[in-house]
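Remarks on the structure that follows.
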There are 2 protein chains.
Amino acid sequence: MKTDTDKKSDLSAQIATAIRDAIVSGDMIVDERLPSEAELSEQFNVSRPTVREALKRLAAQSLIRTQRGAFGGAFVNRLSYEEAYGQQITTATLLLSMNAVSFETACEARYALERACTPLAAQRRDADHLATMRAEIHRQGQPGLSDESFCASDVTFHRALVDCAANPVLSYQLAGAVEAMQPLMNMITFTARSRSEIVTLHTRIADALEASDATAAESALHDLEAYTLHLGRDVMAARRPA
Amino acid sequence: MKTDTDKKSDLSAQIATAIRDAIVSGDMIVDERLPSEAELSEQFNVSRPTVREALKRLAAQSLIRTQRGAFGGAFVNRLSYEEAYGQQITTATLLLSMNAVSFETACEARYALERACTPLAAQRRDADHLATMRAEIHRQGQPGLSDESFCASDVTFHRALVDCAANPVLSYQLAGAVEAMQPLMNMITFTARSRSEIVTLHTRIADALEASDATAAESALHDLEAYTLHLGRDVMAARRPA
DNA sequence: CAGTTTTCATTTGTCTGACATTTAAATGTA
DNA sequence: TACATTTAAATGTCAGACAAATGAAAACTG
């Protein structure tokens, strides 16, 4: 008997859903081996290509991994933070680029989330993360830096800030917000003037964290948000003459 | 000539990556039609099943949708907030359940993020969201409510709080954090005593938002976090006798 | 007996070719 | 014109085959 979760269409989607449910509900545990493709085709009464399409769907979500050869097969995959980051970033980036999310909205969300990390970061900051932040600030002050490199450095700086909170779940959530903004930030041309302003604000943040002063750090982030918004507004206005 | 992004193995993964890049980079725009499976097999020099596996991978990430029939095919899909929510929730839930994330860590992240919304929510709260919150508080006070329903109501309450901030990007990010906690919360048995405590705290939050008092709301959220942590600790300790 | 090599069965990866089904446009008809 | 029919193009599904990888067991060697 077929599972017929939705009697409608697409066997491979139904099978993928059935297996996904088994994984999410905990019926299948990490590293457990799924039946072979041949066995699955029998169980679900479909052909092997159909089963394979279902498995590829799950693989695309990092729910399973496959291994060739004898005693190989498909295994329930432990979703690592790395993989989750990647998916989160892709999804968030597309969400922003495809849905005409305004620069203001994205900016507001990003800095609100970042400020959420600040108290924890101020409390737990360690030498490593502070060093990363200082190094990126230094790089951002270098004259010959391209706009793209400046943006990349900005992302590294902010990720270090987030990682300071020493909460992997927060880091995971924030990765999407910070990285998804990058395409929008890349549209901005950073003048020497604005770069120096940003470096100043970044320094204020690093100083505040080093002093474990959460309030000062939040305040600096507020100012940075306002300044970023200011920079972005002109560009976005020019981009949307409609 | 094959694209050979990674010379290593799995043609369908390579093809999926190639197409994904084209979408993410903006080379293909929303609603644009991909070449037919037959054409793609020619372009990439692979068989149709391989192309199909690649397309299913993309479909699993909601990057494309397919339509049968003449003039059907695969189209670049506009990633909706709905779909993004769903993926986010699945990923976040699995991340927590598979990586032995401690109740403390998850709790800390969730309330930190929620507090990030509070200033905006206090500023923009509208009658609708307040009404939802009040209604859920009322439900949470009803005697005959099952633990599961209580949890579900809790989620609804907190999502209303988040939606108050009227920033869809924020709502999207928070959806994962709030929903992913639910399986952990479901382990808790809510006594009449603890329910009434939670209702009190929820009321404090709603009152504070209604009064546009962000500070009071944050403070109430802090207390709620502490109380949730307290409730969870016992359960988690009992669950992990190792 | 210990260590190495070979064989071998199992499983995923890929290909070919075919048929079923769906869908909208094109065509035919009253 | 309005409606029914045909048709072409596309995805969905199936069956069977071969290639390639892989680890375990068997065979071999010193």
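Convention: sequence-line order gives letters A, B, ...; per-chain numbering from 1. Any value given below was found using the heavy atoms of this structure, including those in side chains, with hydrogens, waters and symmetry copies removed.
Listed by first and then second residue, the side chain to side chain donor-acceptor pair (under 3.5 Å) pairs that reach into residues 51-61 of chain A are Ser12(A)-Arg57(A), Arg20(A)-Gln61(A), Glu37(A)-Arg52(A), Arg52(A)-Glu53(B), Glu53(A)-Arg52(B), sequence neighbours excluded.
Aromatic ring centroids of Tyr81(A) and Tyr172(A) lie 6.0 Å or more apart. Two rings, from His202(A) and His138(A), have their centers 6.0 Å or more apart.
Using a cutoff of 4.0 Å between basic side-chain nitrogens and carboxylate oxygens, Arg125(B) and Asp163(B) are not scored as salt-bridged. Here Glu225(A) does not pair with Arg110(A) in a salt bridge; the nearest charged N to carboxylate O distance is not below 4.0 Å. Salt-bridge annotation for Asp31(B) and Arg65(B): present, with a side-chain N of the basic residue lying under 4.0 Å from a carboxylate O of the acidic one. A salt bridge does not link Glu32(A) with Arg78(A): none of the charged nitrogens is closer than 4.0 Å to a carboxylate oxygen.
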Could you go through the side-chain hydrogen bond (donor to acceptor under 3.5 Å, both in side chains) check for Ser153(A) and Thr156(A) one step at a time?
CA-CA 5 Å; Ser153(A) 169; Thr156(A) 308; 5.8 Å; no
Between the protein and nucleotides 4-11 of chain C, are there any N/O to N/O pairs under 3.5 Å, and if so, what are the atom names and distances?
residue: dT10(C); atom: O2; partner: Ala70(A); partner atom: N; Å: 2.9
residue: dT11(C); atom: O4'; partner: Gly69(A); partner atom: O; Å: 3.3
residue: dT11(C); atom: O2; partner: Gly69(A); partner atom: N; Å: 3.4

Show me the protein contacts with nucleotides 17-19 of chain C, counting only N or O atoms at under 3.5 Å.
residue: dA18(C); atom: N6; partner: Arg48(B); partner atom: NH2; Å: 3.3

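Contact between the side-chain N/O atoms of Thr66(B) and the OP1/OP2 oxygens of dG12(D) is found at a separation under 4.0 Å.
Per the geometry, CG belonging to Asn45(A) stands 20 Å off P belonging to dG12(D), to the nearest Å.
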